[in-house]
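Everything below concerns the one structure shown next.
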Amino acid sequence: GEDVEQSLFLSVREGDSSVINCTYTDSSSTYLYWYKQEPGAGLQLLTYIFSNMDMKQDQRLTVLLNKKDKHLSLRIADTQTGDSAIYFCAEKGNAGNMLTFGGGTRLMVKP
Amino acid sequence: DGGITQSPKYLFRKEGQNVTLSCEQNLNHDAMYWYRQDPGQGLRLIYYSQIVNDFQKGDIAEGYSVSREKKESFPLTVTSAQKNPTAFYLCATGKAEESWESPLHFGNGTRLTVT
């Protein structure tokens with residue numbers, strides 16, 4: 001089956017930029033998503049990018065997509081303590097509405 | 001997400017008992033999903049339903065059952081056959097299959113503890 005991989009953990013200092021990386025195997029991915037999960041809560045959609053784009057910016061968030069390498073990244077500028085959470089990337093193939101999720105990256109922001 | 005209600009937030013059961021987790025939505029979404037999340041792990045798909053009165057098994061359906069009698073509701077029953085039921089359960093909804101841009105919307109989850 002398709003696979004989505006993320007590193008488990010990232011620690012940054014408040015005010016620095018955070019970069020969370022994700023790789024996927026499905027060459028027919030149409031959309032790729034970033035979700036944020038705070039403790040004890042569900043997943044909140046942060047942003048998404050269509051597979052024919054290579055960059056999308058939304059305020060402090062920048063998504064970069066390298067389709068050739070099947071590599072997706074999420075950059076959070078000026079990271080705040082409120083950004084501490086688990087971040088999941090997910091990809092949607094070209095068949096149906098199913099998403100395949102990565103294992104999540106726990107971001108810890110130190111004051 | 002205010003449009004998806006999962007209840008209860010915390011649930012405790014004794015081993016050997018069946019338990020049903022509720023998921024209700026008012027987003028008018030056709031598709032509904034159940035995921036399981038274990039500590040330090042990603043989401044694993046249990047069951048999903050694209051339309052009323054129809055549902056399909058996901059990757060880890062064994063020991064679980066669902067029903068989809070109404071568009072708004074997709075309850076998940078964790079049966080005594082599920083060997084390791086303690087986990088965080090997330091319900092999600094989405095638009096119909098042809099809506100390629102549609103992301104999934106998630107409820108706030110139910111934490112089930114079985115002792």
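Keep in mind the model is a prediction, meaning the values are calculated, not measured. Numbered from 1 within each chain, the chains take letters A, B, ... in sequence-line order.
Once rounded to the nearest 0.5 Å, the distance linking CG of A:N21 with CD of A:Q6 reads 9.5 Å.
Residues of residues 34-46 of chain A placed with any heavy atom under 4.5 Å of a heavy atom in chain B are listed by number as A:Y35, A:Q37, A:G40, A:A41, A:G42, A:L43, A:L45.
If you tally non-hydrogen atom pairs under 4.5 Å between each of B:Q37, B:R44, B:Q6 and chain A, the highest count goes to B:Q37.
If you run side chain to side chain donor-acceptor pair (under 3.5 Å) between A:S18 and each of A:T79, A:D83, A:T105, only A:T79 comes through.
Using cut-offs of 30° and 60° on the angle between ring planes, the pair B:F106 and A:F101 is perpendicular.
A cation-pi geometry, defined here as NZ or CZ lying under 6.0 Å from the six-membered ring centre and within 45° of its normal, does not hold between B:R111 and B:Y10.
Linking Ile, Leu, Val, Met, Phe, Trp and Tyr residues whenever their side-chain heavy atoms come within less than 4.5 Å leaves B:Y33 and B:Y89 in two separate clusters. B:L90 and B:Y64 are members of different hydrophobic clusters when ILVMFWY side chains are connected at heavy-atom separations under 4.5 Å.
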